[in-house]
Amino acid sequence: MFEEAQLLGNTERKIILQTRLGNTIQNYVEVDPPPPHSCRIYRLFANKYGGNWRERKPPTGTYNCAGHVWACRRTTILDPAEWTKILEDDGYRQLADGESPWPGDIAIYVDRDKDDEILHVGRVYKMIDGLQPSSLRIPLVMSKWNSTSGESVHQVHDDPYRKEGFNVRVKFYTDRPIGAANHYDDPGSRTIEVG
Amino acid sequence: MTIPVLEQLKSDEFQAKTGFVATAPALRRLLLRTPEVRALRQALISGALTERRIQAFVRSLLSTLRSGVPMQHDLALAALAVALEKRGTAFAGEYLHTLASLQAAEMSMSIRVARESLKSRTSLSGTERTFIRAGIVMPKTFPYEQLGERFFSTSRTFQDATEPTVSLNPLPREVG
(Lines give C-alpha, C1' and ligand atoms only; values in the text may rest on other atoms or scores of the structure.)
Protein backbone atom coordinates (compact mmCIF):
# COMPACT_ATOMS: atom_id res chain seq x y z
CA MET A 1 0.00 0.00 0.00
CA PHE A 2 1.02 3.63 -0.54
CA GLU A 3 3.78 2.65 -2.95
CA GLU A 4 2.95 5.64 -5.15
CA ALA A 5 3.35 8.00 -2.22
CA GLN A 6 6.55 6.31 -1.08
CA LEU A 7 8.00 6.79 -4.54
CA LEU A 8 7.48 10.53 -4.20
CA GLY A 9 9.98 10.58 -1.35
CA ASN A 10 10.14 13.58 0.94
CA THR A 11 8.32 16.41 -0.81
CA GLU A 12 7.81 18.62 2.22
CA ARG A 13 9.77 21.76 1.43
CA LYS A 14 10.72 23.61 4.59
CA ILE A 15 12.12 27.01 5.39
CA ILE A 16 14.22 28.03 8.34
CA LEU A 17 11.84 29.35 10.95
CA GLN A 18 12.70 30.06 14.55
CA THR A 19 11.14 31.63 17.58
CA ARG A 20 12.60 34.72 19.17
CA LEU A 21 14.57 32.44 21.48
CA GLY A 22 16.05 30.58 18.53
CA ASN A 23 14.03 27.39 18.81
CA THR A 24 13.26 25.78 15.46
CA ILE A 25 9.65 25.71 14.28
CA GLN A 26 8.68 22.71 12.16
CA ASN A 27 6.97 23.81 8.96
CA TYR A 28 6.39 22.99 5.33
CA VAL A 29 5.53 25.20 2.41
CA GLU A 30 2.18 24.18 0.94
CA VAL A 31 1.86 23.95 -2.81
CA ASP A 32 0.70 27.16 -4.43
CA PRO A 33 -1.57 27.79 -6.21
CA PRO A 34 -3.94 25.18 -4.80
CA PRO A 35 -5.48 22.84 -7.38
CA PRO A 36 -9.06 23.35 -8.59
CA HIS A 37 -10.48 20.62 -6.36
CA SER A 38 -9.07 22.36 -3.24
CA CYS A 39 -10.58 25.65 -4.37
CA ARG A 40 -13.95 23.99 -4.93
CA ILE A 41 -13.94 22.47 -1.44
CA TYR A 42 -13.00 25.83 0.06
CA ARG A 43 -15.95 27.44 -1.74
CA LEU A 44 -18.24 24.74 -0.36
CA PHE A 45 -17.14 25.16 3.23
CA ALA A 46 -17.18 28.94 2.93
CA ASN A 47 -20.77 28.69 1.70
CA LYS A 48 -21.64 26.27 4.49
CA TYR A 49 -20.12 28.18 7.40
CA GLY A 50 -19.24 31.61 6.18
CA GLY A 51 -22.45 33.34 5.20
CA ASN A 52 -21.26 36.45 7.02
CA TRP A 53 -17.56 36.21 6.24
CA ARG A 54 -15.89 38.69 3.93
CA GLU A 55 -13.19 37.30 1.73
CA ARG A 56 -9.93 39.19 1.74
CA LYS A 57 -8.14 36.79 -0.56
CA PRO A 58 -9.22 33.85 -2.73
CA PRO A 59 -7.86 30.33 -2.11
CA THR A 60 -4.12 30.29 -1.84
CA GLY A 61 -1.46 27.79 -0.87
CA THR A 62 1.85 28.25 0.93
CA TYR A 63 0.58 29.01 4.45
CA ASN A 64 -2.13 28.15 6.97
CA CYS A 65 -3.55 30.10 9.89
CA ALA A 66 -0.38 29.85 11.99
CA GLY A 67 1.78 30.67 8.98
CA HIS A 68 -0.43 33.69 8.35
CA VAL A 69 -0.10 34.99 11.89
CA TRP A 70 3.48 34.01 12.76
CA ALA A 71 5.38 33.41 9.54
CA CYS A 72 4.31 36.34 7.37
CA ARG A 73 2.39 34.09 4.96
CA ARG A 74 5.54 32.19 4.00
CA THR A 75 4.90 28.66 5.26
CA THR A 76 2.53 26.23 6.98
CA ILE A 77 2.88 25.38 10.68
CA LEU A 78 0.61 22.45 11.42
CA ASP A 79 1.53 21.21 14.87
CA PRO A 80 -0.33 22.92 17.75
CA ALA A 81 2.64 22.18 20.01
CA GLU A 82 4.72 24.45 17.77
CA TRP A 83 2.08 27.17 18.12
CA THR A 84 2.33 26.96 21.89
CA LYS A 85 6.12 27.17 21.62
CA ILE A 86 5.81 30.40 19.62
CA LEU A 87 3.41 31.93 22.14
CA GLU A 88 5.86 31.18 24.94
CA ASP A 89 9.12 32.04 23.18
CA ASP A 90 7.90 35.21 21.50
CA GLY A 91 6.72 36.88 24.67
CA TYR A 92 2.99 36.89 24.11
CA ARG A 93 0.73 37.29 27.10
CA GLN A 94 -2.93 36.42 27.44
CA LEU A 95 -5.20 39.40 27.90
CA ALA A 96 -6.46 39.80 31.42
CA ASP A 97 -10.16 39.78 32.27
CA GLY A 98 -11.67 43.08 31.31
CA GLU A 99 -8.81 43.94 28.99
CA SER A 100 -9.99 44.65 25.47
CA PRO A 101 -8.34 43.12 22.43
CA TRP A 102 -6.79 45.55 20.02
CA PRO A 103 -6.14 45.29 16.28
CA GLY A 104 -2.98 43.31 15.78
CA ASP A 105 -3.65 41.07 18.79
CA ILE A 106 -4.10 37.37 18.25
CA ALA A 107 -7.28 35.34 18.69
CA ILE A 108 -6.53 31.77 19.77
CA TYR A 109 -9.36 29.26 19.40
CA VAL A 110 -8.98 26.44 21.90
CA ASP A 111 -10.87 23.23 22.54
CA ARG A 112 -12.21 23.29 26.11
CA ASP A 113 -12.81 19.54 25.96
CA LYS A 114 -9.16 18.85 25.20
CA ASP A 115 -7.24 20.85 27.82
CA ASP A 116 -7.45 24.02 25.76
CA GLU A 117 -5.58 22.53 22.83
CA ILE A 118 -5.25 25.15 20.13
CA LEU A 119 -7.54 24.64 17.14
CA HIS A 120 -7.05 27.81 15.15
CA VAL A 121 -5.38 31.18 15.30
CA GLY A 122 -6.33 34.45 13.63
CA ARG A 123 -5.33 38.07 13.88
CA VAL A 124 -7.66 40.73 15.27
CA TYR A 125 -8.23 43.04 12.37
CA LYS A 126 -10.74 45.55 13.61
CA MET A 127 -13.02 46.34 16.55
CA ILE A 128 -16.63 47.15 15.67
CA ASP A 129 -19.53 48.39 17.73
CA GLY A 130 -21.67 45.92 19.59
CA LEU A 131 -25.41 45.68 19.16
CA GLN A 132 -26.05 48.55 21.54
CA PRO A 133 -23.96 51.56 22.47
CA SER A 134 -23.31 50.05 25.87
CA SER A 135 -22.32 46.66 24.46
CA LEU A 136 -18.76 45.49 24.32
CA ARG A 137 -17.08 46.05 21.01
CA ILE A 138 -16.78 42.96 18.81
CA PRO A 139 -13.42 41.90 17.37
CA LEU A 140 -13.30 41.11 13.68
CA VAL A 141 -10.69 38.48 13.00
CA MET A 142 -8.73 37.77 9.83
CA SER A 143 -8.37 34.02 9.37
CA LYS A 144 -6.90 31.56 6.96
CA TRP A 145 -8.65 28.32 7.77
CA ASN A 146 -6.21 25.84 6.28
CA SER A 147 -3.26 25.71 3.93
CA THR A 148 -5.35 25.86 0.76
CA SER A 149 -8.21 28.16 1.81
CA GLY A 150 -8.63 31.84 1.21
CA GLU A 151 -8.41 34.53 3.87
CA SER A 152 -11.62 35.66 5.52
CA VAL A 153 -12.64 38.44 7.85
CA HIS A 154 -15.29 37.35 10.33
CA GLN A 155 -16.75 38.15 13.71
CA VAL A 156 -14.72 36.45 16.39
CA HIS A 157 -17.36 33.88 17.28
CA ASP A 158 -18.44 33.19 13.71
CA ASP A 159 -16.15 30.22 13.16
CA PRO A 160 -16.81 26.73 11.77
CA TYR A 161 -15.45 24.86 14.79
CA ARG A 162 -18.35 25.55 17.13
CA LYS A 163 -20.78 24.74 14.32
CA GLU A 164 -19.21 21.29 14.05
CA GLY A 165 -19.50 20.53 17.74
CA PHE A 166 -16.20 21.71 19.16
CA ASN A 167 -16.43 23.27 22.63
CA VAL A 168 -14.59 26.43 21.60
CA ARG A 169 -13.24 29.25 23.72
CA VAL A 170 -11.42 32.22 22.26
CA LYS A 171 -8.42 33.57 24.12
CA PHE A 172 -6.75 36.78 23.12
CA TYR A 173 -2.99 37.15 23.22
CA THR A 174 -0.94 40.26 22.69
CA ASP A 175 2.64 41.44 22.54
CA ARG A 176 1.59 44.79 24.08
CA PRO A 177 2.88 45.49 27.56
CA ILE A 178 0.55 45.22 30.50
CA GLY A 179 -1.43 48.40 30.95
CA ALA A 180 -1.09 49.49 27.36
CA ALA A 181 -4.71 48.59 26.68
CA ASN A 182 -5.97 51.49 28.79
CA HIS A 183 -3.71 53.85 26.93
CA TYR A 184 -5.05 52.72 23.58
CA ASP A 185 -8.70 52.49 24.57
CA ASP A 186 -9.99 55.74 23.22
CA PRO A 187 -13.74 55.95 23.85
CA GLY A 188 -14.05 58.53 21.12
CA SER A 189 -12.77 56.12 18.53
CA ARG A 190 -15.33 53.37 18.19
CA THR A 191 -13.89 51.79 15.07
CA ILE A 192 -10.25 50.88 15.07
CA GLU A 193 -8.44 49.14 12.25
CA VAL A 194 -5.03 47.68 11.79
CA GLY A 195 -2.83 50.50 10.61
CA MET B 1 -18.00 -2.43 -7.46
CA THR B 2 -18.57 0.65 -5.33
CA ILE B 3 -19.11 0.49 -1.59
CA PRO B 4 -21.28 3.37 -0.32
CA VAL B 5 -19.51 3.68 3.03
CA LEU B 6 -16.25 4.18 1.19
CA GLU B 7 -17.54 6.26 -1.68
CA GLN B 8 -19.09 8.82 0.66
CA LEU B 9 -15.59 9.69 1.87
CA LYS B 10 -14.98 11.15 -1.59
CA SER B 11 -18.08 13.33 -1.52
CA ASP B 12 -17.88 17.09 -1.60
CA GLU B 13 -20.15 17.28 1.43
CA PHE B 14 -17.81 15.18 3.55
CA GLN B 15 -14.78 17.18 2.47
CA ALA B 16 -16.54 20.50 3.04
CA LYS B 17 -17.53 19.68 6.60
CA THR B 18 -14.11 18.38 7.62
CA GLY B 19 -11.76 20.33 5.37
CA PHE B 20 -11.61 23.53 7.40
CA VAL B 21 -9.80 21.97 10.35
CA ALA B 22 -6.26 23.27 10.71
CA THR B 23 -4.62 20.66 12.95
CA ALA B 24 -4.36 16.89 12.82
CA PRO B 25 -5.43 16.22 16.44
CA ALA B 26 -8.59 18.28 15.95
CA LEU B 27 -9.30 16.70 12.58
CA ARG B 28 -8.98 13.24 14.11
CA ARG B 29 -11.48 14.14 16.83
CA LEU B 30 -13.90 15.59 14.30
CA LEU B 31 -13.59 12.55 12.05
CA LEU B 32 -14.32 10.25 14.99
CA ARG B 33 -17.67 12.02 15.38
CA THR B 34 -18.72 11.98 11.74
CA PRO B 35 -21.45 9.57 10.64
CA GLU B 36 -19.22 8.54 7.74
CA VAL B 37 -16.43 7.23 9.97
CA ARG B 38 -18.89 5.66 12.38
CA ALA B 39 -20.52 3.85 9.46
CA LEU B 40 -17.12 2.66 8.28
CA ARG B 41 -16.24 1.26 11.68
CA GLN B 42 -19.62 -0.41 11.99
CA ALA B 43 -19.29 -1.95 8.54
CA LEU B 44 -15.87 -3.31 9.46
CA ILE B 45 -17.14 -4.77 12.71
CA SER B 46 -20.16 -6.37 11.09
CA GLY B 47 -18.13 -7.73 8.21
CA ALA B 48 -20.10 -5.79 5.62
CA LEU B 49 -16.82 -4.17 4.61
CA THR B 50 -13.62 -6.15 4.19
CA GLU B 51 -10.08 -4.94 4.45
CA ARG B 52 -9.49 -6.13 0.91
CA ARG B 53 -12.15 -3.67 -0.26
CA ILE B 54 -10.44 -0.90 1.66
CA GLN B 55 -7.13 -1.83 0.10
CA ALA B 56 -8.64 -1.63 -3.39
CA PHE B 57 -10.28 1.69 -2.52
CA VAL B 58 -6.99 3.13 -1.29
CA ARG B 59 -5.28 2.03 -4.46
CA SER B 60 -7.92 3.79 -6.51
CA LEU B 61 -7.46 6.96 -4.46
CA LEU B 62 -3.70 6.84 -4.83
CA SER B 63 -4.01 6.53 -8.57
CA THR B 64 -4.98 10.21 -8.52
CA LEU B 65 -1.81 11.22 -6.64
CA ARG B 66 0.33 13.66 -8.59
CA SER B 67 3.65 15.08 -7.52
CA GLY B 68 3.37 18.69 -6.41
CA VAL B 69 -0.44 18.68 -6.23
CA PRO B 70 -2.34 18.37 -2.93
CA MET B 71 -4.16 15.06 -3.11
CA GLN B 72 -7.85 15.39 -3.82
CA HIS B 73 -8.90 12.66 -1.40
CA ASP B 74 -6.43 13.25 1.41
CA LEU B 75 -9.34 13.53 3.86
CA ALA B 76 -10.64 10.12 2.79
CA LEU B 77 -7.28 8.59 3.69
CA ALA B 78 -7.40 10.43 7.01
CA ALA B 79 -10.91 9.12 7.69
CA LEU B 80 -9.78 5.57 6.97
CA ALA B 81 -6.89 5.99 9.41
CA VAL B 82 -9.32 7.01 12.13
CA ALA B 83 -11.69 4.18 11.27
CA LEU B 84 -8.87 1.64 11.50
CA GLU B 85 -7.10 2.96 14.58
CA LYS B 86 -8.78 0.64 17.06
CA ARG B 87 -8.67 -2.37 14.82
CA GLY B 88 -6.20 -5.04 15.82
CA THR B 89 -5.31 -6.51 12.47
CA ALA B 90 -2.14 -6.61 10.42
CA PHE B 91 -3.84 -4.60 7.71
CA ALA B 92 -4.77 -1.78 10.09
CA GLY B 93 -1.27 -1.70 11.53
CA GLU B 94 0.33 -1.61 8.11
CA TYR B 95 -2.04 1.10 6.92
CA LEU B 96 -1.33 3.36 9.87
CA HIS B 97 2.41 2.78 10.07
CA THR B 98 3.00 3.18 6.36
CA LEU B 99 0.87 6.29 6.04
CA ALA B 100 2.41 7.84 9.15
CA SER B 101 5.93 7.26 7.85
CA LEU B 102 5.39 9.26 4.65
CA GLN B 103 6.70 12.79 4.19
CA ALA B 104 4.62 13.91 1.26
CA ALA B 105 3.36 17.47 1.16
CA GLU B 106 0.65 16.22 -1.19
CA MET B 107 -0.93 14.24 1.69
CA SER B 108 -0.10 16.46 4.61
CA MET B 109 -3.22 15.95 6.72
CA SER B 110 -3.76 12.21 6.29
CA ILE B 111 -0.13 11.55 7.24
CA ARG B 112 -0.47 13.59 10.41
CA VAL B 113 -3.86 12.13 11.31
CA ALA B 114 -2.34 8.65 10.94
CA ARG B 115 0.38 9.70 13.39
CA GLU B 116 -2.31 10.85 15.82
CA SER B 117 -4.17 7.58 15.35
CA LEU B 118 -1.01 5.64 16.11
CA LYS B 119 -0.58 7.63 19.32
CA SER B 120 -4.13 6.75 20.29
CA ARG B 121 -3.54 3.10 19.36
CA THR B 122 -0.38 3.00 21.44
CA SER B 123 -2.12 4.47 24.44
CA LEU B 124 -4.81 1.81 24.05
CA SER B 125 -2.37 -1.05 24.03
CA GLY B 126 -0.10 0.58 26.60
CA THR B 127 3.10 -0.42 24.89
CA GLU B 128 6.53 1.02 24.26
CA ARG B 129 6.44 4.71 23.53
CA THR B 130 8.56 5.37 20.50
CA PHE B 131 11.05 4.10 18.05
CA ILE B 132 12.91 5.73 15.22
CA ARG B 133 11.70 4.88 11.78
CA ALA B 134 12.85 6.64 8.67
CA GLY B 135 14.18 9.44 10.79
CA ILE B 136 10.84 10.15 12.41
CA VAL B 137 9.92 9.50 15.99
CA MET B 138 6.97 7.20 15.68
CA PRO B 139 4.72 5.50 18.20
CA LYS B 140 5.28 1.76 18.19
CA THR B 141 2.45 -0.69 18.48
CA PHE B 142 3.07 -4.34 19.16
CA PRO B 143 1.06 -6.88 17.24
CA TYR B 144 -2.13 -7.43 19.12
CA GLU B 145 -1.70 -11.18 19.21
CA GLN B 146 1.29 -10.63 21.50
CA LEU B 147 -0.71 -8.67 24.01
CA GLY B 148 -2.52 -11.51 25.74
CA GLU B 149 -5.74 -13.41 25.54
CA ARG B 150 -8.01 -10.41 25.60
CA PHE B 151 -6.82 -9.65 22.09
CA PHE B 152 -7.81 -12.78 20.23
CA SER B 153 -5.88 -13.85 17.20
CA THR B 154 -7.45 -14.75 13.95
CA SER B 155 -6.33 -16.67 10.95
CA ARG B 156 -8.17 -14.23 8.69
CA THR B 157 -5.84 -11.53 7.49
CA PHE B 158 -6.39 -8.85 4.95
CA GLN B 159 -4.57 -10.86 2.32
CA ASP B 160 -6.85 -13.86 2.52
CA ALA B 161 -10.00 -12.12 3.64
CA THR B 162 -12.89 -12.83 1.37
CA GLU B 163 -16.36 -11.46 1.22
CA PRO B 164 -18.30 -11.99 4.43
CA THR B 165 -19.26 -15.60 4.88
CA VAL B 166 -20.69 -17.60 7.71
CA SER B 167 -17.66 -18.82 9.58
CA LEU B 168 -16.73 -20.17 12.94
CA ASN B 169 -13.71 -17.92 12.93
CA PRO B 170 -14.42 -14.64 14.69
CA LEU B 171 -14.24 -11.60 12.51
CA PRO B 172 -11.62 -9.02 13.42
CA ARG B 173 -13.10 -6.75 16.01
CA GLU B 174 -12.31 -3.44 17.57
CA VAL B 175 -10.54 -3.23 20.86
CA GLY B 176 -10.53 -0.73 23.66
Side-chain angles (χ1 to χ4, degrees), chain A residues 1-14 28-32 34-38 40-50 61 64-66 76-83 109 111 113-114 117-121 143-149 159-161 163-166, chain B residues 10-27 29-30 33-34 54-56 58-59 61-75 77 91 94-112 114-116 134-136 158:
Chain A
M1 243 182 320
F2 299 112
E3 290 84 359
E4 296 90 339
Q6 287 170 321
L7 285 172
L8 289 178
N10 184 352
T11 58
E12 291 187 345
R13 188 168 72 82
K14 304 174 193 307
Y28 81 97
V29 181
E30 179 63 89
V31 175
D32 186 59
H37 61 80
S38 298
R40 191 180 79 251
I41 295 304
Y42 165 67
R43 293 291 173 215
L44 287 171
F45 85 67
N47 287 339
K48 184 177 172 73
Y49 303 108
N64 67 343
C65 58
T76 297
I77 310 166
L78 274 180
D79 186 351
E82 300 290 283
W83 305 2
Y109 293 74
D111 188 346
D113 294 338
K114 202 65 186 173
E117 179 191 282
I118 305 178
L119 299 167
H120 172 68
V121 54
S143 283
K144 187 166 193 295
W145 300 107
N146 63 31
S147 58
T148 55
S149 74
D159 66 89
Y161 287 92
K163 292 171 186 166
E164 282 300 335
F166 285 92
Chain B
K10 294 160 66 175
S11 70
D12 284 354
E13 185 194 349
F14 178 71
Q15 294 189 65
K17 74 179 178 188
T18 55
F20 65 87
V21 180
T23 70
L27 178 56
R29 293 200 295 279
L30 176 59
R33 293 199 294 262
T34 59
I54 293 179
Q55 192 173 26
V58 170
R59 287 197 191 288
L61 294 182
L62 287 172
S63 67
T64 66
L65 179 63
R66 299 285 177 271
S67 177
V69 180
M71 191 180 169
Q72 181 168 3
H73 299 300
D74 194 30
L75 288 167
L77 294 177
F91 173 82
E94 183 193 340
Y95 183 95
L96 292 172
H97 279 289
T98 311
L99 182 55
S101 69
L102 297 174
Q103 289 184 292
E106 294 82 354
M107 301 160 59
S108 55
M109 285 310 272
S110 61
I111 289 169
R112 285 164 175 82
R115 291 173 188 167
E116 291 299 317
I136 306 171
F158 70 94

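- Looking at residues two or more places apart in sequence or on another chain, you find a salt bridge (Lys or Arg N to Asp or Glu O under 4.0 Å) between A:Asp111 and B:Arg29.
- What you find for B:Phe20 and A:Asn146 is that their closest heavy atoms are CA-ND2, 4.0 Å.
- Taking all atoms of both residues into account, the shortest heavy-atom contact from A:Trp83 to B:Ala22 is CH2-CB, 4.2 Å.
- If you run salt bridge (charged side-chain N to carboxylate O under 4.0 Å, His left out) between B:Asp12 and each of A:Arg40, A:Arg43, A:Lys48, only A:Arg40 comes through.
- Ranked by non-hydrogen atom pairs under 4.5 Å with chain B, the options A:Val29, A:Ile77, A:Asn10 are led by A:Asn10.
- A salt bridge does not link B:Glu116 with A:Lys114: none of the charged nitrogens is closer than 4.0 Å to a carboxylate oxygen.
- When side chains are defined from C-beta on, A:Gln6 counts as touching B:Thr98, because their heavy atoms get closer than 4.5 Å.
- Considering CD of B:Glu106 and CG of A:Leu8, their distance stands at 5.0 Å, rounded to 0.5 Å.
- Annotation: side chain of A:Pro35 is not in contact with side chain of B:Gln72 (no heavy-atom distance under 4.5 Å).
- Within the 4.5 angstrom heavy-atom criterion, no atom of A:Tyr42 approaches chain B.
- Nearest heavy atoms, A:Glu30 versus B:Ser108: OE1-OG, 4.1 Å.
- Residue contact with chain B, scored on non-hydrogen atoms closer than 4.5 Å, involves the side chain of A:Tyr28 exclusively.
- Taking every heavy atom of both residues into account, A:Met1 and B:Glu94 meet most closely at N-OE2, 3.9 Å.
- A donor-acceptor pair is defined here as one N or O able to donate and one able to accept, closer than 3.5 Å; no such pair exists between the side chain of A:His37 and the backbone of B:His73.
- Of the listed residues A:Pro80, A:Ala46, A:Ser147, the one with more heavy-atom pairs under 4.5 angstrom with chain B than any other is A:Pro80.
- Here CG of A:Leu78 is found 10.5 Å from CD1 of B:Ile111. Values are rounded to the nearest 0.5 Å.
- Ranked by heavy-atom pairs under 4.5 Å with chain A, the list B:Met107, B:Lys17, B:Arg59, B:Met109 is led by B:Lys17.
- Considering only heavy-atom pairs separated by less than 4.5 Å from chain A, the leading option among B:Ala24, B:Pro25, B:Ser63, B:Ser67 is B:Pro25.
- The minimum heavy-atom distance between A:Thr11 and B:Ala105, with the atom names listed, is OG1-N, 2.8 Å.
- Interface residue A:Glu164: backbone and side-chain heavy atoms are both found under 4.5 Å from chain B.
- A pairwise comparison of heavy atoms in A:Val31 and B:Gly68 identifies CG1-O, 3.0 Å as the closest pair.
- The CG atom of B:Leu65 sits 10.5 Å away from the CZ atom of A:Phe2 when rounded to the nearest 0.5 Å.
- More than 12 heavy atoms of other residues, nucleotides or ligands lie within 6.0 Å of CZ in B:Arg33, so this atom counts as buried by the packing criterion.
- Contact annotation for A:Pro34: neither backbone nor side-chain heavy atoms come within less than 4.5 Å of a heavy atom of chain B.
- Between chain A and the options B:Leu99, B:Val58, B:Thr18, the largest number of non-hydrogen pairs under 4.5 Å is found for B:Leu99.
- One finds the OH atom of A:Tyr161 at 9.0 Å from the CG atom of B:Leu30 (value rounded to the nearest 0.5 Å).
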